[in-house]
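A, B, ... follow the sequence lines: proteins, then strands. Residue 1 opens every chain.
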Amino acid sequence: GENVEQHPSTLSVQEGDSAVIKCTYSDSASNYFPWYKQELGKGPQLIIDIRSNVGEKKDQRIAVTLNKTAKHFSLHITETQPEDSAVYFCAGDTGRRALTFGSGTRLQVQP
Amino acid sequence: DSGVTQTPKHLITATGQRVTLRCSPRSGDLSVYWYQQSLDQGLQFLIQYYNGEERAKGNILERFSAQQFPDLHSELNLSSLELGDSALYFCASSVGGVRDSPLHFGNGTRLTVT
């Protein structure tokens, strides 16, 4: 079945620096890869997604890259701000028609 | 606000009891997904319904069951509760399947089994 590995589990950066979170997946049939941000006491919120026919996608300070050959994808956050502090999850679609999530990265942006 | 409503927000109950969690999807969404989030397991997929029919099953225990009603709201029933069932339970909805449209999550129900 589908397995999604995510690292690092925690990441601390200074305000204004960039943050990169990486994920790998095992199911070569996967073609949809969303990223979610979860703040304390809330549900995961979709922040960006990418499909396998695209190598990179940007939305303001957030970008996602996908290497389908190597089966890995990454989230890049530039010019980090304190409000970016949260837990970030990567995910991939599976043959069971559901998303499989990575284990999460706790990002802390130090002011 | 994702538009997905989950009730109740918190639930405290004893081992052996049964509870029902409720989810109202976003307007227009036909798919409902249930996920369990615990500290050591991350977000685990339980079950998906599409327009009233079960579409996919994940790691859902036999003690757990779900259904989606004609008005598209969904309920997750947890019975013979054990301490290990304590977790956050999330509902998500989408227009179609996971490959067709993004999932939007509610804010969850926190279940504590004592």
**Student:** Should we say atom CD of A:E79 is surrounded by more than 12 heavy atoms from elsewhere, each under 6.0 Å from it?
**Tutor:** no
**Student:** When hydrophobic residues are tied together by side-chain contacts of less than 4.5 Å, even through go-betweens, does A:V87 share a cluster with A:Y36?
**Tutor:** yes
**Student:** Which atoms of A:Q38 come close to chain B, meaning under 4.5 Å heavy atom to heavy atom: side chain ones, backbone ones, both, or neither?
**Tutor:** side chain
**Student:** Are more than 12 heavy atoms, taken from residues, nucleotides or ligands other than A:L40, located less than 6.0 Å from that residue's CG atom?
**Tutor:** no
**Student:** Could you report the tightest heavy-atom contact between A:F101 and B:L43, atom names first, then the distance?
**Tutor:** CD2-CD1, 3.7 Å
**Student:** Counting heavy atoms not belonging to A:R61, are there more than 12 under 6.0 Å from its CZ?
**Tutor:** yes
**Student:** What is the minimum heavy-atom distance between B:L103 and A:L46, and which atoms define it?
**Tutor:** O-CB, 4.4 Å
**Student:** Can you say whether A:P44 sits under 4.5 Å from chain B via the side chain, the backbone, both, or neither, judging by heavy atoms?
**Tutor:** both
**Student:** Side-chain heavy atoms nearer than 4.5 Å, only ILVMFWY residues, links allowed to pass through others: does that put B:I47 and B:L61 together?
**Tutor:** yes
**Student:** Sub-4.5 Å heavy-atom contacts with chain A: which residues of residues 10-35 of chain B show up?
**Tutor:** B:Y33, B:Y35
**Student:** Pick from B:G108, B:P102, B:G97: which one has the most heavy-atom pairs with chain A under 4.5 Å?
**Tutor:** B:P102
**Student:** Ignoring hydrogens, what is the shortest heavy-atom contact between B:F90 and A:K42? Give both atom names and the distance.
**Tutor:** CZ-O, 3.9 Å
**Student:** Same cluster for B:V4 and B:L76 if Ile/Leu/Val/Met/Phe/Trp/Tyr side chains link at under 4.5 Å?
**Tutor:** no
**Student:** Around atom NZ of A:K22, are there more than 12 heavy atoms of other residues, nucleotides or ligands at under 6.0 Å?
**Tutor:** no
**Student:** Between B:R55 (side chain) and A:A98 (backbone), is there a donor-acceptor pair under 3.5 Å?
**Tutor:** no
**Student:** Determine whether B:L78 and B:Y49 fall in the same hydrophobic cluster, where Ile, Leu, Val, Met, Phe, Trp and Tyr are linked whenever their side-chain heavy atoms lie under 4.5 Å apart.
**Tutor:** yes
**Student:** Does CD belonging to A:E83 count more than 12 external heavy atoms closer than 6.0 Å?
**Tutor:** yes
